[in-house]
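Contents: one structure, followed by commentary.
Chain letters run A, B, ... following the sequence lines, proteins first, then strands; residues in each count from 1.
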Protein chains: 2
Amino acid sequence: MAETATSPDPGLVDALRALSNPVRLQLLMWLREPERHFPLEEAIADPAEVGVCVSHIQARAGLAQSTVSAYMAELQRAGLVKATRVGKWTHYKRDEQRIARLVATLGETL
Amino acid sequence: MAETATSPDPGLVDALRALSNPVRLQLLMWLREPERHFPLEEAIADPAEVGVCVSHIQARAGLAQSTVSAYMAELQRAGLVKATRVGKWTHYKRDEQRIARLVATLGETL
DNA sequence: CCGATGTTTCGGAATTCTTCGATGTGATCG
DNA sequence: CGATCACATCGAAGAATTCCGAAACATCGG
């Protein structure tokens with residue numbers, strides 16, 4: 001059922017809105033290969049495992065810490081990244097499943 | 001060359017920004033099956049051929065005519081639709097190639 | 001040429017976004 | 001505990017978006 005699409009899925013719109021900002025899009029793209037875009041030497045934990053901490057993302061982005069923090073929270077609300085706290089560091093990692101599902105949904109409904 | 005992505009493709013951001021609005025996203029989705037979402041009887045030309053005119057889109061959307069016109073122009077600038085004027089009616093049709101390429105790009109770079 | 005119709009463009013009001021600095025919170029170390 | 005570090009949240013200023021009605025533009029019919 002529900003074959004007559006009435007209005008766009010809110011989750012889809014949220015994701016698109018999160019991605020519509022060049023900085024946030026860039027952050028998500030950097031996280032595709034963390035070891036490529038962030039200093040591996042300074043990593044407190046395996047990037048592939050837990051992700052990259054806010055400080056490193058902030059240093060790369062060149063924006064205020066509060067801005068980067070808010071952006072990562074927004075990407076998380078949109079379901080594009082997952083957060084893990086390791087000590088005092090919050091690490092953000094891509095949610096590849098959700099991202100893949102988003103692209104698939106776009107291919108089908110868009 | 002150019003294998004190290006520095007900043008997101010502006011065209012990609014433009015498309016995502018155009019799609020980040022629920023109304024514009026809806027308009028593009030309606031245009032997937034024009035004959036399904038717009039009155040075929042009143043069509044001045046084959047929807048599959050030239051698309052749907054602004055009046056019909058406006059009636060379905062329930063927004064001011066100037067708003068719908070501006071939204072369609074925005075979708076066109078983002079490369080998601082193509083416009084064709086038939087008499088006094090401007091018809092908008094999806095640019096399926098560009099849309100498919102956008103989804104493919106998202107799958108690869110996002 | 002006139003008037004009507006479809007569309008675009010302009011100007012503006014309300015809202016949201018972007019980004020910052022300041023402040024708050026939680027964890028660590030001495 | 002107290003200081004400090006990493007991060008989150010708050011409050012605010014400026015910019016952009018959303019949406020409208022009015023006016024301008026284009027096209028057709030008479």
Value rounded to 0.5 Å, distance of [atom1] in [X] from [atom2] in [Y]:
X        : Y       : atom1 : atom2 : answer
B:Tyr92  : B:Ser69 : OH    : OG    : 5.5 Å
A:Arg94  : A:Ile99 : CZ    : CD1   : 3.5 Å
B:Leu110 : A:Arg32 : CG    : CZ    : 7.5 Å
B:Leu102 : B:Gln97 : CG    : CD    : 13.5 Å

Exercise. Under the side-chain contact (heavy atoms from CB on, under 4.5 Å) criterion, do A:Leu16 and B:Asn21 qualify, and how do the steps go?
Worked result: CA-CA 8 Å; A:Leu16 288 171; B:Asn21 177 292; over 6 Å; no
Exercise. Which residues, if any, of residues 48-55 of chain B bring a heavy atom under 4.0 Å of DNA chain C?
Worked result: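 Going residue by residue through residues 48-55 of chain B, the ones with a heavy atom under 4.0 Å of DNA chain C turn out to be B:Cys53, B:Val54, B:Ser55.
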Show me, pair by pair, the donor-acceptor contacts under 3.5 angstrom made by side chains of residues 38-54 of chain B, not counting sequence neighbours?
unit_1, atom_1, unit_2, atom_2, d
B:Asp46, OD1, B:Ala48, N, 3.3

Taking only distance into account, with no hydrogens and no angle test, what donor-acceptor pairs under 3.5 Å do side-chain atoms of residues 74-89 of chain B form with protein atoms, sequence neighbours excluded?
unit_1, atom_1, unit_2, atom_2, d
B:Glu74, OE1, B:Arg24, NH1, 3.1
B:Arg85, NE, B:Gly87, O, 3.4
B:Arg85, NH2, B:Lys88, O, 3.4

Exercise. A:Ser66 or A:Arg24: which one's nearest nucleotide on DNA chain C is closer to the 5' end?
Worked result: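 Nearer the 5' end of the strand: A:Arg24.
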For this session: Please determine if a side-chain N or O atom of B:Tyr92 lies less than 4.0 Å away from the OP1 or OP2 oxygen of C:dG6.
Result: no
Exercise. Taking only side-chain nitrogens and oxygens of A:Asn21, does any of them come within less than 4.0 Å of OP1 or OP2 of C:dC17?
Worked result: no
Send over the distance from [X] [atom1] to [N] [atom2], rounded to a whole Å.
X       : N      : atom1 : atom2 : result
B:Leu63 : D:dT18 : CG    : C1'   : 10 Å
B:Glu42 : C:dT5  : CD    : P     : 15 Å
A:Leu19 : C:dC17 : CG    : C1'   : 16 Å
A:Arg17 : D:dA16 : CZ    : P     : 17 Å
B:Asp14 : D:dA16 : CG    : P     : 14 Å
B:Ile57 : C:dG6  : CD1   : C1'   : 13 Å

Check nucleotides 13-15 of chain D for protein N or O atoms closer than 3.5 Å to its own N or O atoms and list the pairs.
none

For this session: For a side-chain contact (heavy atoms from CB on, under 4.5 Å) with A:Met29, tell me which candidate from A:Leu27, A:Leu31, A:Leu25 qualifies.
Result: A:Leu25
Problem set entry | Within 6.0 angstrom of A:Arg101 CZ, more than 12 heavy atoms from elsewhere |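 It does not: A:Arg101 CZ has 12 such atoms or fewer within range.
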What pairs of nitrogen or oxygen atoms, one from the protein and one from nucleotides 23-29 of chain D, lie under 3.5 Å apart?
none

For this session: Taking the side chain as every heavy atom from C-beta outward, state whether B:Asp14 and B:Asp9 have any pair of such atoms under 4.5 Å apart.
Result: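 In short, these two side chains do not touch, never coming nearer than 4.5 Å.
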Exercise. Between A:His37 and A:Glu33, is any pair of side-chain heavy atoms under 4.5 Å apart?
Worked result: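 Touching, per the 4.5 Å side-chain cut-off.
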Problem set entry | Minimum heavy-atom distance between A:Gln58 and A:Leu63, given as atom pair plus value |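 Heavy-atom minimum between the residues: NE2-O, 3.1 Å.
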Exercise. Of the non-hydrogen atoms in A:Val68 and A:Ile57, which two are nearest, and what is the gap between them?
Worked result: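 The answer is CG1-CG2, 3.8 Å.
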Exercise. Does any residue of residues 67-78 of chain B have a heavy atom under 4.0 Å from DNA chain D, and if so, which ones, in number order?
Worked result: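 B:Thr67, B:Tyr71, in order of number.
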